[in-house]
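Chain letters run A, B, ... following the sequence lines, proteins first and then strands; every chain starts at 1. These values consider heavy atoms only, across backbone and side chains, with no hydrogens, waters or symmetry-generated copies.
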Amino acid sequence: MNTDIYKEGPVVHNAAFIDGHSVEIPILKILQQDGTVYQGAELPNIDEEHAVKIYKALAFHRALDERMIGAQRQGRISFYMAALGEEAASIGGAAGLEVQDMIMAQYREQGALIYRGFSLENFMNQMFSNEKDLGKGRQMPIHYGSNELNYMTISSPLGTQIPQAAGYAYGQKLQGKDAVTLCYFGEGAASEGDFHAGLNMAAVHNAPVIFFCRNNGYAISTPSDEQYVGNGIASRGVGYGMKTIRIDGNDILAVLKAVQLARAYAIEESKPVMIEAMSYRLGAHSTSDDPSGYRTKEEEEKWHAHDPLSRMKSWMLAQNWWDEAQETALFDQLREDILAAVKVAEKIAKPPVEDLVSDVYDQVPEHLQKQLASLKAHIKKYPEAYPLTAGRIK
Amino acid sequence: MAQMNLLQAINNALDIAMAENESALCFGEDVGHFGGVFRATSGLQEKYGKARCFNTPLVEQGIIGFANGLAAQGSTPIAEIQFADYIFPAFDQIVNESAKFRYRSGNEFNVGNLTIRTPYGGGIAGGLYHSQSPEAYFAHTPGLKIVVPRNPYQAKGLLLASIRDDNPVIFFEPKRLYRASVGEVPEEDYQLPIGKAEVTEQGKDITLLAWGAQMEIIEKAAEMAKKDGVSCELIDLRTILPWDVETVANSVLKTGRLLISQEAPLTAGFASEIAATIQQECFLHLESPIERVCGIDTPYPLSLEKEHAADHLKVYEAIKRSINY
Ligand SMILES: Cc1ncc(C[n+]2csc(CCOP(=O)(O)OP(=O)(O)O)c2C)c(N)n1
């Protein structure tokens with residue numbers, strides 16, 4: 001035990017308070033909006049194939065968001081959350097990992113799942129909560145999860161994944177796995193007690209976890225200056241004794257670079273890392289929200305100019321890794337595919353009534369079997385009142 | 001009188017409470033200028049200033065801990081938890097602190113001025129994390145009062161009573177009815193009693209008991225039963241704790257039968273507590289076992305809401321079971 005309380009700094013004899021705002025944290029930027037790289041900037045590990053894969057994921061995300069907001073407005077799905085303008089954070093995050101690394105996300109990070117190859121059908125089945133949804137139609141749209149792709153199923157209560165990520169990563173380490181856990185959360189969720197608990201647990205127990213804060217300026221209607229005081233979320237990482245970096249979250253190369261370095265460090269040193277990606281939530285919080293009630297159009301306009309997609313595209317064009325014909329063909333194809341997938345998914349039946357009682361426990365206990373049996377008898381009596389399940393009850 | 005929906009009635013009650021009491025504060029996530037995600041606090045910041053109506057950081061344990069401190073100091077905090085599903089991060093502050101402040105200090109300190117408002121319940125395609133009815137967790141904790149209104153008139157009168165009650169109160173608002181339930185509400189100040197159930201319809205064959213949004217369900221079932229010649233007495237419990245044993249028992253002494261319906265799952269819900277007490281109070285007068293019609297013992301699903309719910313058809317079947325016992 002180290003009880004030398006003076007070891008942290010020099011001794012003074014006149015009271016000198018450290019100003020909470022005095023911590024200066026630089027922000028990593030590699031790619032400029034016009035697609036050129038800042039002079040002297042060090043590129044991440046990236047080749048043509050990888051870049052095209054990332055760009056295709058960005059495009060898929062854009063097209064999916066566009067179409068699904070439309071589908072929600074037409075009443076085809078109940079709810080949707082887009083990530084317009086901050087797609088680089090989630091996709092760049094996943095692109096800097098290895099497939100065996102676990103991702104624990106908040107909800108606005110479907111980009112990571114896109115990058116990992118979650119199929120269009122899987123996305124649709126979840127959003128239409130039909131019987132082919134991996135989550136069996138139990139959660140609201142966009143609460144995805146995939147064991148196969150190492151993407152933990154989303155839970156709505158904010159911040160709960162943060163200490164879990166610390167524990168998951170600690171387990172990976174104990175089992176000698178060449179793997180880390182990357183944990184996404186918003187700057188709003190970083191106010192939760194679970195955030196502080198999670199960071200402290202990870203730091204004290206040396207868990208190889210990458211805490212990735214998407215600081216997009218708003219938590220529903222609450223702007224970040226009503227969310228916290230001090231130098232963002234990164235300063236909290238510093239406070240918990242963690243290696244910390246702040247990056248431009250709309251700069252795919254900065255995101256990739258930071259995550260690649262963070263992963264290497266977390267594995268080699270077996271310690272947690274904190275990344276704060278600065279961005280802006282261009283769209284509404286969700287389809288139930290109207291941002292005109294709390295911010296101006298001008299403010300939003302400003303951020304359109306920082307679009308991560310057009311930034312990466314310009315860079316790709318300059319590398320001769322992409323051209324306008326490919327661009328048009330890709331988006332046309334995506335829109336067509338998504339629309340077709342919507343039409344298929346909405347026709348698939350809802351989960352069978354048995355799924356109501358499964359997975360509450362490993363096996364359906366007797367009391368739930370009884371409740372199911374009496375429910376089935378009841379539905380048989382009033383089939384027209386339960387149209388989703390009545391026709392399939394034996 | 002004015003036509004108000006349930007949200008407007010709540011907003012109106014908050015307005016009255018803040019106007020009469022300078023120490024009253026409304027706060028929570030998105031509660032300030034935006035007026036809350038459901039707009040229950042609309043206009044309050046404009047009227048009473050940012051010091052008394054404000055957004056908090058996104059931390060429920062912080063919101064309630066802060067509110068406990070304010071209440072102990074003598075202010076009148078009215079804290080909003082955005083959804084009842086997200087009250088659990090504040091569970092410790094509520095059950096160990098709010099509920100026990102007075103008792104543990106020998107009444108040296110109390111947080112009696114505290115009111116916690118939170119939207120609860122399902123039927124809104126919210127899935128398992130936007131649909132829960134967690135009243136029973138809190139009812140197991142001595143020291144809290146728990147109130148659930150069923151319509152705009154009740155909401156205003158009961159919320160004003162909750163804010164002025166000298167005990168910490170959790171006020172569960174049925175969000176399914178926020179805009180759906182509209183009715184006449186007096187514009188002036190009035191209160192409805194906490195701890196008193198209301199007999200909303202007289203009947204002689206069976207007592208149907210519920211609270212909040214579930215009242216609509218038992219009303220619908222009673223209509224169906226009426227066509228079969230069954231006369232139902234309907235009671236809105238209104239206050240989960242302390243609950244009105246006398247009104248319920250008197251009704252059951254008259255009808256000889258009791259059906260309790262709650263939105264929450266069956267096991268260890270508040271309906272179980274009521275059933276146990278009433279069978280003790282009315283044992284020799286009961287003509288049939290007390291019926292509980294509740295949600296299934298699973299988390300609240302998204303796509304099979306109807307199947308999970310204690311709907312009017314399930315209540316109707318239970319009425320028939322009880323009558324034909
Ligand atoms: C514990 C908890 N409290 C409240 C909510 C309601 N809620 C859902 S999203 C949200 C805002 C989150 O903001 P942030 O973490 O910044 O992420 P962003 O939406 O900006 O991506 C709130 C308050 C919740 N889901 N969980």
| At their closest point, which heavy atom of P351(A) faces which heavy atom of L304(B), and how far apart are they? | O-CD2, 3.7 Å
| said: Out of G35(B), G32(B), G126(B), return the one with the most heavy atom pairs under 4.5 angstrom to chain A. | reply: G126(B)
| query | Counting only heavy atoms not in Y137(B), do more than 12 fall under 6.0 Å of its OH? | reply | no
| query | Could you state the interatomic distance from CG (L356(A)) to CD1 (I296(B)), rounded to the nearest 0.5 Å? | reply | 4.5 Å
| request: Under the ring pair (Phe, Tyr, Trp, His ring centres under 6.0 Å) rule, collect the residues that match up with F195(A), sequence neighbours excluded. | output: F185(A)
| query | Which bit of V31(B) comes within less than 4.5 Å of chain A, counting heavy atoms only: side chain, backbone, both or neither? | reply | neither
Donor and acceptor N/O pairs, chain B versus chain A, under 3.5 angstrom:
from	atom 1	to	atom 2	distance (Å)
D30(B)	OD1	S221(A)	N	2.7
D30(B)	OD1	S221(A)	OG	2.7
D30(B)	OD1	T222(A)	N	3.2
D30(B)	OD1	T222(A)	OG1	3.0
H33(B)	NE2	G293(A)	O	3.4
N55(B)	ND2	E226(A)	OE1	2.7
L58(B)	N	Q227(A)	OE1	2.7
L58(B)	O	E192(A)	N	3.4
D297(B)	N	Q371(A)	OE1	2.9
D297(B)	OD2	Q371(A)	NE2	2.9
L302(B)	N	R138(A)	O	3.2
S303(B)	N	G137(A)	O	3.1
S303(B)	OG	G137(A)	O	2.9
E307(B)	OE2	T389(A)	OG1	2.4
D311(B)	OD1	Y386(A)	OH	3.3
D311(B)	OD2	Y386(A)	OH	2.4
E317(B)	OE1	K381(A)	NZ	2.9
E317(B)	OE2	Y382(A)	OH	2.5

| What part of P291(A) lies closer than 4.5 angstrom to a heavy atom of chain B: side chain, backbone, both or neither? | neither
| request: Let me know if L368(A) has heavy atoms under 4.5 Å from chain B in its side chain, its backbone, both or neither. | output: side chain
| said: Which atoms of V360(A) are under 4.5 Å from chain B, going by heavy atoms: the side chain, the backbone, both sets, or neither? | reply: side chain
| query | Nearest heavy-atom pair of V59(B) and G193(A): which atoms, and what distance? | reply | CG2-N, 3.9 Å
| remark: Minimal heavy-atom distance between P141(A) and L302(B), with the atoms involved, is CD-CD2, 4.5 Å
| said: If I measure from the heavy atoms of chain B, does A189(A) come under 4.5 Å with its side chain, its backbone, both, or neither? | reply: backbone
| query | Contact part of L375(A) toward chain B, heavy-atom cut-off under 4.5 Å: side chain, backbone, both or neither? | reply | side chain
